[in-house]
Amino acid sequence: MKRTIKALAVILICIAALCSCQKGEITVPDGMQLVNENKSEGYVFFGPEGWVIANHGDITSTYLSTLSKVSITFTEMSLGEGESIADYFTGSLDKFPYSVTFYKDDAPIAEGAATGTKTNFGTSEGGADDAYKYIYSYKYEETDYSCLQILLRKGESYYVFTYTASGLPTDENGAYKAHISKVQGAIDSFYFTSGGSEEDSPAYERDDDGYILVSEGQISGFELYVPDSYEVLSNSGLVELKINENAALSVTRASETGLGVLDYLLARRADILKIADSFEDIRISVARPISTDTEYFEDWELEILPTYDASLTFGELDQGKIAAYEYSYVYKGTTYRVYQVLGADNLYGYVLTYTATEEEYPNNFIELKAILEKVSFR
């Protein structure tokens, strides 16, 4: 069945830029987006435009979608005393649970031959001092996956870059081949800065109500204000916040493309069903009335239907492109309640997710309503 509905047919796609754009002091290359300006480690990382940014702690990460399993990560690594890059790679491979086949120039070589190829990483002015490339494939649940890993040194620090996608390096129709040119763009545009010092705790901008601005708008695409009692766990593409020991909040751009808002809700529901011990649908709300007597709802998977909620808002987004989903699930003996709001503008989709234990769940809705009203999108 064609999963579309005119009232909520919001296609969550990224429109490729036609030229480079200048944002602050950072020039973003054609077809790329800023993934991380890591001031403490001293580097700037660009990734393919339109991919989801999911930096977490010291790990820089961006991926195409949760369905595609195409991703790039970059993080620091620690070598033991007297250990070389080759030693580190061999040691990590010993812990890898799958049999691998190595490749050189897209041609398979003898299994177990973990020999890196010297390569370049980053711009000519700000690239790595030494870098070695490894390409290998493995099979997981009957699917072939391939990895391009570059282990590199800058000064006395070491890092690892990893590109993972389905398909073999020799498969012209596989995802690995399909995105390798964009990945090479991320490699070539990377640069180290003169930074590399730990920063003091950030001084957040405050609004008139004392709420603090916790998002990096250039990366996330939105400006998110929250109470200053919230602990910021991550504030790059994905903003993660700890409200207290029993409640958390996150906001991000939507991770699937080509989906309407209600279809996205169903996709997220399917993800939770994979890990939950039990699951209960509670409510789906839309900010503009829609008719449920349409072809779209003939094969509707849920026992509940969307209902109209005139108070539902998500910043300045069009009410016709907003929906909320409330559900509960049990995981490892604890019952959690979730309130998820989805919305879109003409370019992107956005998701706010509030999760709390069943007892804590009703205690933060006054603040949550203010957060939904204050957020703005670029």
Side-chain angles (χ1 to χ4, degrees), residues 35-36 38 40-43 45 47 54-64 69-123 126-171 174-177 179-192 196:
V35 175
N36 196 2
N38 191 315
S40 62
E41 290 294 333
Y43 66 79
F45 189 104
N55 302 330
H56 193 279
D58 295 331
I59 301 175
T60 291
S61 177
T62 182
Y63 60 90
L64 180 60
K69 310 303 181 187
V70 176
S71 66
I72 300 172
T73 62
F74 183 84
T75 188
E76 188 175 14
M77 61 183 185
S78 299
L79 272 62
E81 185 175 354
E83 188 177 29
S84 67
I85 284 178
D87 293 335
Y88 180 94
F89 181 82
T90 302
S92 63
L93 197 66
D94 290 341
K95 302 174 184 177
F96 195 65
Y98 310 105
S99 176
V100 304
T101 299
F102 285 92
Y103 293 75
K104 185 175 182 180
D105 299 326
D106 293 345
I109 57 179
E111 185 171 339
T115 302
T117 303
K118 193 170 179 60
T119 188
N120 295 319
F121 188 88
T123 64
D129 296 329
D130 291 299
Y132 294 87
K133 177 172 63 176
Y134 300 82
I135 302 173
Y136 58 92
S137 67
Y138 62 95
K139 190 177 290 291
Y140 173 70
E141 293 184 348
E142 305 305 317
T143 300
D144 290 313
Y145 289 90
S146 296
C147 285
L148 162 63
Q149 280 196 313
I150 299 178
L151 281 65
L152 58 120
R153 177 184 66 84
K154 181 65 174 180
E156 298 181 356
S157 298
Y158 293 84
Y159 303 87
V160 57
F161 170 96
T162 304
Y163 163 53
T164 304
S166 60
L168 298 174
T170 53
D171 182 3
Y176 180 89
K177 271 284 194 182
H179 301 286
I180 192 65
S181 61
K182 294 181 180 180
V183 173
Q184 190 61 50
I187 293 170
D188 294 340
S189 60
F190 177 98
Y191 62 89
F192 287 99

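Just so you know, residue 1 is the first one in the sequence shown, and it goes up from there. Every heavy atom of this structure was used, including side-chain atoms; hydrogens, water molecules and symmetry mates were not. In this text the structure is predicted, and so the values were computed from the model without any measurement.
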With distance as the sole criterion, is a donor-acceptor pair present between the side chains of Asp144 and Ser146 under 3.5 Å? no
Counting only heavy atoms from other residues, nucleotides and ligands, does the tally under 6.0 Å from OH of Tyr140 exceed 12? no
Below 4.5 Å, heavy atoms only, C-beta onward: do Tyr43 and Lys154 meet side chain to side chain? no
Find the distance between CG (Leu168) and NZ (Lys177) and round it off to the nearest 0.5 Å. 11.0 Å
Are the side chains of Phe190 and Phe74 in contact, using a 4.5 Å heavy-atom criterion? yes
From CA spacing to verdict: side chain to side chain contact (heavy atoms under 4.5 Å, CB included), Ile180, Leu148: CA-CA 9 Å; Ile180 192 65; Leu148 162 63; 4.1 Å; yes
In this structure, OH of Tyr88 is separated from CG of Leu93 (nearest 0.5 Å) by 12.0 Å
If you compare all heavy atoms of Ser61 against all heavy atoms of Val35, which two are closest, and at what distance to 0.1 Å? O-CG1, 3.9 Å
Answer yes or no: is there a side-chain heavy-atom contact under 4.5 Å between Leu151 and Tyr134? yes
In terms of heavy-atom contacts, Met77 and Val160 come closest through SD-CB, 4.1 Å
Name all residues meeting the side-chain hydrogen bond (donor to acceptor under 3.5 Å, both in side chains) criterion together with Glu76; count only those two or more places apart in sequence or in a different chain, and write none if there are none. none
List the atom of Val70, the atom of Ala165, and the distance in Å for their closest heavy-atom pair. CG2-CB, 4.0 Å
When rounded to the nearest 0.5 Å, the distance separating OG of Ser84 from CG of Leu79 is 7.5 Å
Could you tell me whether Asp87 atom CG has more than 12 heavy atoms of other residues or ligands within 6.0 Å of it? yes
To the nearest 0.5 Å, what is the distance between OH (Tyr132) and CD (Gln149)? 16.0 Å
Hey, does Asn36 have a side-chain heavy atom less than 4.5 Å from the side chain of Asn38? yes
Less than 4.5 Å apart, side chain to side chain, heavy atoms only: is that true for Tyr98 and Tyr136? no
Atom of Tyr145, atom of Thr143 and distance for their closest heavy-atom approach: CD1-O, 3.5 Å
From the options Ile72, Thr73, Thr75, select the one residue that forms a side chain to side chain contact (heavy atoms under 4.5 Å, CB included) with Phe161. Ile72
What pair of heavy atoms forms the shortest contact from Ile150 to Ala131, and how long is it? CG2-CB, 4.0 Å
Heavy-atom check, side chain of Cys147 versus side chain of Tyr138, under 4.5 Å: yes
Any chance you could measure Leu152, atom CG, to Phe192, atom CZ, to the nearest 0.5 Å? 5.5 Å
Beyond-backbone contact of Lys118 with Asp130, side-chain heavy atoms, under 4.5 angstrom: yes
Taking side-chain contact (heavy atoms from CB on, under 4.5 Å) as the definition, give me every residue that meets it alongside Lys95, ordered by chain and number, with sequence neighbours left out. none
Nearest 0.5 angstrom please: Asp129 CG to Arg153 CZ, how far? 4.5 Å
Sorted by chain and number, sequence neighbours left out, ring pair (Phe, Tyr, Trp, His ring centres under 6.0 Å) with Tyr163 holds for Tyr176
Over 12 foreign heavy atoms within 6.0 Å of CG, Asp58: no
